[in-house]
Asker: 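First the structure, then my questions, so here it is.
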Amino acid sequence: MAVLLGEKEYFPGIGEIKYEGPESMNPLAFRWYDENRVVAGKTLKEHFKFGMAYWHTLSGDGSDPFGSATHLHPWDQAADPIQRLKDKADAAFEFLTKLGLPYFCFHDVDVADYTPNVEEFEARLQAWVDYVKPKMEQSGAKLLWGTANLFSHVRYMNGAATNPDFAVLAHGGAQVKAAIDATIALGGENYVFWGGREGYMTLLNTDMKREQEHLARFLHVAKDYARSKGFKGTFFIEPKPMEPTKHQYDYDAATVIGFLRQYGLMDDFKLNLEVNHATLAGHTFAHELQVAVDAGLLGSIDANRGDYQNGWDTDQFPNDIYELTESLLVILEGGGLQGGGVNFDAKRRRNSTDPADLFYAHIGAMDVFAKAMIIADQILTSSEYKQIRADRYASFDSGKGKEFENGTLGLADLRDLAIELGEPEVRSGRQEYLENLINRYIL
Ligand code: XLS
Ligand code: NI
Ligand code: NI
């Protein structure tokens with residue numbers, strides 16, 4: 001991927017990040033992410049489809065509830081909103097081409113300043129589309145997914161599609177329409193819905209059933225509109241249990257799957273799973289992945305990590321090889337991501353104020369993904385990992401166990417068989433053995 005600079009270079013002194021191999025001590029090089037390396041039949045580039053999150057990388061300013069911005073972006077200074085969106089796009093494409101990120105993702109309000117004037121906002125988004133389209137063609141970078149931010153504006157304080165006020169829902173519709181139009185215009189491969197405020201703060205003022213029906217209807221009309229405009233990609237729902245809302249309707253993978261099934265959305269929607277959202281819901285990321293795989297709905301992932309000590313959505317960059325290896329075992333065995341990729345929904349810390357910190361963050365994350373993929377593939381192809389699990393269920397492979405699976409045994413049959421089979425043998429689940437097996441390949 002050739003480096004694409006705008007009028008100004010925003011990351012001077014940093015060139016194209018190259019693969020130098022595990023022996024390299026260069027902090028601005030990849031040690032494991034060789035995009036052309038083939039693992040399990042595909043290149044690492046194809047497996048991951050790494051994406052830059054426009055919001056964290058270009059818009060995130062380091063502010064938190066206790067303090068204002070610490071990341072003072074040179075691309076965010078122009079007074080004119082159109083000039084500023086162009087500067088930001090220049091910085092975005094410089095960054096992703098220097099890193100060799102093949103994809104990016106955006107919210108409508110990340111790429112252009114939001115204005116409540118519907119027509120004016122549509123015009124700004126169109127100006128952005130016109131500006132980035134040639135940049136995408138020149139660099140080869142693609143749009144993994146687009147989305148609309150229906151949670152920041154004051155009107156969305158009680159949700160968008162689940163707001164008790166229809167006028168608010170209509171404004172949400174206007175934003176989603178414009179974001180879908182932009183996604184289609186840029187050849188976006190997927191479209192995401194994350195319902196940050198689609199939930200409730202207290203049941204005392206909430207008609208939960210009615211709100212969920214509205215959400216389903218909203219998703220249907222958005223999907224129908226996109227299809228009518230020729231969109232062939234997949235829609236993703238991104239579960240999260242809470243934050244900002246006390247209770248969010250898209251709580252976790254299992255909840256979303258039930259919702260999609262109930263409202264007839266299974267053919268068009270899959271899941272975009274985020275690591276830190278899984279942990280907020282009290283699950284491991286591997287658990288959420290497995291739930292989606294088992295339903296045939298694993299679409300895409302938002303890569304990051306939480307903080308074990310505080311529990312909220314800290315969106316840190318991934319760096320834990322063990323956890324990622326476990327996750328990639330599930331993804332590889334489950335046949336990969338359906339249509340999606342790996343979007344870095346992660347931000348550098350408030351006090352990581354050097355522009356180079358953005359590079360270190362992504363390089364480290366891409367390397368740990370690459371190494372974990374290589375390890376997971378070795379575990380699957382050359383260890384006893386799969387066999388141990390298969391053996392645990394061997395009693396269902398034939399005989400009466402098989403008959404039970406096939407549905408030909410009743411409860412009374414089970415009673416008779418209990419007598420015939422006698423007390424079952426105590427068999428180890430071998431958890432520590434399996435944990436060591438993973439480390440055997442890591443260490
Ligand atoms: C917030 C979400 C958000 C979605 C896109 O917690 O992760 O960033 O990915 O709206
Ligand atoms: Ni996310
Ligand atoms: Ni998140």
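All ligand and atom numbering here is 1-based and tracks the order in the structure. Residue numbers run from 1 in the order of the sequence given. Reckoned from all heavy atoms, side chains included, excluding hydrogens, waters and symmetry mates.
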Asker: State, without any angle test, whether Asp61 and His73 hold a side-chain donor-acceptor pair at a distance under 3.5 Å.
Answerer: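 Asp61 vs His73: no donor-acceptor pair found between side chains.
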Asker: Please work out, at 4.0 Å between heavy atoms, whether the side chain, the backbone, both, or neither of Glu274 comes within that distance of ligand 1.
Answerer: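 Just the side chain.
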Asker: What atoms of ligand 1 come within less than 4.0 Å of a heavy atom belonging to Glu238?
Answerer: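 Counting atoms of ligand 1 from 1, those under 4.0 Å from Glu238 are 2 (C), 3 (C), 4 (C), 5 (C), 7 (O), 9 (O).
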Asker: Counting heavy atoms only, which of Lys240, Lys347, Glu243 comes nearest to atom 6 (O) of ligand 1?
Answerer: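 Shortest heavy-atom distance from atom 6 (O) of ligand 1: Lys240.
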Asker: Using a strict cut-off of 4.0 Å, indicate which atoms of ligand 1 neighbour a heavy atom of Asp302.
Answerer: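 Matching atoms, with element in brackets: 9 (O).
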Asker: With backbone taken as N, CA, C and O and side chain as the heavy atoms from C-beta onward, which portion of Asp313 lies under 4.0 Å from ligand 1: side chain, backbone, both, or neither?
Answerer: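 Only the side chain of Asp313 comes within reach of ligand 1.
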Asker: I need the nearest protein heavy-atom contact for atom 8 (O) of ligand 1: residue, atom name and distance, please.
Answerer: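 Going by distance alone, atom 8 (O) of ligand 1 is nearest to Asp345 OD2, 2.9 Å.
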Asker: Please check: side-chain N/O of Glu16 versus main-chain N/O of Leu99, any donor-acceptor pairing under 3.5 Å?
Answerer: no
Asker: Between the side chains of Tyr103 and Glu189, is a donor N or O closer than 3.5 angstrom to an acceptor N or O?
Answerer: yes
Asker: Please could you name the atoms of ligand 1 that Trp55 approaches to less than 4.0 Å, counting only its heavy atoms?
Answerer: 8 (O)
Asker: I'd like to know if the side chain of Asp315 pairs up with that of Asn304 as donor and acceptor (distance under 3.5 Å, no hydrogens or angles considered).
Answerer: yes
Asker: So, His153 side chain and Arg155 main chain: donor-acceptor pair closer than 3.5 Å or not?
Answerer: yes
Asker: Identify whether NZ of Lys or CZ of Arg in Arg261 sits under 6.0 Å from the centre of the six-membered ring of Phe259 and within 45° of that ring's axis.
Answerer: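 No, cation not above the ring by the 6.0 Å, 45° rule.
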Asker: So among His47, Lys45, Glu46, which one has a side-chain hydrogen bond (donor to acceptor under 3.5 Å, both in side chains) with Thr43?
Answerer: Glu46
Asker: Find, among atoms of Asp302 that are N, O or S, the one nearest to the Ni ion (ligand 2), and state its name.
Answerer: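 Looking only at N, O and S atoms of Asp302, the one nearest the Ni ion (ligand 2) is named OD2.
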Asker: Restricting to N/O/S, name the atom of Asp313 that gets closest to the Ni ion (ligand 3).
Answerer: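 Nearest to the Ni ion (ligand 3) within Asp313's N, O and S set: OD2.
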Asker: Do Thr115 side-chain atoms and Glu120 backbone N/O form a donor-acceptor pair below 3.5 Å?
Answerer: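 The answer is no, because no donor-acceptor pair under 3.5 Å joins these two groups.
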Asker: When you measure from the Ni ion (ligand 3) to the N, O or S atoms of Glu274, does any of those distances fall below 2.8 Å?
Answerer: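 Looking at Glu274, which is the residue asked about, there is an N, O or S atom under 2.8 Å from the Ni ion (ligand 3).
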Asker: Would a distance-only check, ignoring hydrogens and angles, find a side-chain to backbone donor-acceptor pair under 3.5 Å from Arg305 to Pro318?
Answerer: no
Asker: What angle sits at the Ni ion (ligand 2) between OD2 of Asp345 and OE2 of Glu238, to 10°?
Answerer: 160°
Asker: Taking distance alone, with N or O pairs closer than 3.5 Å, would you say His277 contacts ligand 1?
Answerer: yes
Asker: Just which atoms of ligand 1 are under 4.0 Å from any heavy atom in His107?
Answerer: 5 (C), 10 (O)
